[in-house]
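Model, not experiment: these values are computed from the prediction. Count residues from 1 along the sequence.
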Amino acid sequence: MEKKLDLSKSVYDLVKEYPEVIDIMKGLGFSEITNKVMLNSVGKIMTIPKGAKMKGVSMIDIVSAFMKAGFTLEGEMPNLHGDEVASAKDAPVETAATQVEEPKASQNTETNEEDTVTDSERVEQLKGFLKRLGTGEELGAVREDFASQFKHVEASEIMKAEQGLMREGTPLEEVQQLCDLHSALFHGSTIHEQMDAEHAKVEAVLEAQEKSQSVVTLIETVGHPLNRLTEENKALDTLIESLKTKVANQSITLEDVNAVRQVSIHYAKKGDLLYPHLKVAYDISGPSMVMWTVDGDIRDTFGRLAKSATFTESWYEDFDAVLTRAQEMIYKEQNILFPLCAENFTAQEWYQIYKDTAQYEEIFGVERVVWTEAELALADSHAPASATDNTIALIGGSMTLDQLDAMLNTMPMEVTFVDHEDINRYFNDGEKVFKRPTTAIGRDVYSCHPPKVEPIVRGIIDSFRKGDRDNVAVWLEKQGRPFYVNYMAVRDQNNNYIGTLELVQDMQFAKDHFARSK
């Protein structure tokens, strides 16, 4: 049977029709085609000629590779010039399908209505679509109207629209509940998915390609935080697909549930390293206000289902639903969250985030690998300074900075100090159950907590500041071990509030001791 490859079709459709396209394209340098998340998103709007232009791969090499694999090529290709035309003469087979045509001048002289709309007007229009979803209007109808007015949408515009709704009085809980619907509305329309926005202005096209390419570059940089998070998403997506098959057969085991629960560590990385930094450093609060809460809901649902004694019909319905939500979150990360981070974070900020990822367990079989660029930059930043007298005089004696630092790091507890302005000023070093990213130093303590926890933290610190309390102690269990968390008001000699001290201590040793004493 003749194999016809239509170059006007998307890469996703070609792979679906001919799975061997993956190996051929990978051999030509298109390594991202093996990324299932990218294939299912960018691949749906990317053609082989567009990809060749973006990657700088010769169409002659592509044509030759596919013809050698027994394909007949159809559809238009970009014009080939100079040496490439000469190379084409050496192709093993010449057919009408491979003849190169000069590109035809566009006959479309109509004005694109989207081009005449200002950024603020676009955000207002997006808010209108989101409001319609909030009133219960059917997704299909809203999406049809959206598609008629928007050729593409940026991740930042989606965030601005959601933040605008909250400023106008829409309850945060309602925006969070509609998060999945919002995501479904924009499927296939984000700038990251439309890397070649042919109907936008030339300036907009160049800007969109630059932004899209920035996140693709970081995702492809081995060892970069976005590279590792994407690899975790790929592994999670594969796991979810296998679990959905088991759901259909009602053959899920507790081991299966515990396997997918590893996603809580993936979500913890976002909650510690990405959401707060977007909010505090760049005033992009949408992800921390909406996606962070959805992460918590997904994590808590998996935890609740893992505790069930029996897997009933309703249990399977709940499990299937939360798998879908987790898979939808993969889409939001790859097409909204990661592009936002790539567009805003500096190289130095990525180096610090890379350093902080060492605190987290490896999940889904995705190992932490070295990002050489970051390792070199971090080594330079920690080069020893010239020797000076760094002795610190205290009421109870004196110590050098090195001695004080080593002593605090030797203490068998996690130490955090927040100053009188609620700014994180100090974390001691070492293995921690409650992760403290270095990027959190210098920003307010509330940004480090998810929306549901923030009011509790504010209440504790306010009570210290007012003098109502000096101490709040909490016992909790984490990772199967008991922990004692002690929050204490720090006051000067005149009893003025100057900050809050948090001490976290693993009490497993005490539990074991008293168990042996019985």
Undergrad: Quick one: does H277's side chain get under 4.5 Å of R443's, heavy atoms only?
TA: yes
Undergrad: Output all residues satisfying ring-ring contact (aromatic ring centres under 6.0 Å, His included) with Y267, sequence neighbours left out; order by chain, then residue number.
TA: none
Undergrad: Is a salt bridge present between E124 and K127, judged by a nitrogen-to-oxygen distance below 4.0 Å?
TA: yes
Undergrad: Hey, are the side chains of N227 and W371 touching, using non-hydrogen atoms and a 4.5 Å cut-off?
TA: no
Undergrad: Taking W315 for the side chain and L305 for the main chain, is one N or O donor matched with an acceptor at less than 3.5 Å?
TA: yes
Undergrad: Name all residues meeting the side chain to side chain contact (heavy atoms under 4.5 Å, CB included) criterion together with L503; count only those two or more places apart in sequence or in a different chain, and write none if there are none.
TA: M413, V415, M488, L501
Undergrad: Between T312 and S314, do the side chains contain an N or O donor and an N or O acceptor separated by less than 3.5 Å?
TA: yes
Undergrad: Closer than 4.0 angstrom, basic N to acidic O: yes or no for E231 and K234?
TA: yes
Undergrad: Hey, mind stepping through D422 and R458 against salt bridge (Lys or Arg N to Asp or Glu O under 4.0 Å) and telling me if it holds?
TA: CA-CA 9 Å; D422 304 341; R458 286 187 181 276; 5.5 Å; no
Undergrad: Test the R368-Y354 pair against the cation-pi criterion, namely NZ or CZ under 6.0 angstrom from the six-membered ring centroid and within 45° of the ring axis.
TA: yes
Undergrad: Walk me through it: do D237 and Q327 pass the test side-chain hydrogen bond (donor to acceptor under 3.5 Å, both in side chains)?
TA: CA-CA 6 Å; D237 186 65; Q327 204 162 32; 2.7 Å; yes
Undergrad: Do side-chain atoms of D506 reach the backbone of Q508 as a donor and acceptor pair under 3.5 angstrom?
TA: yes
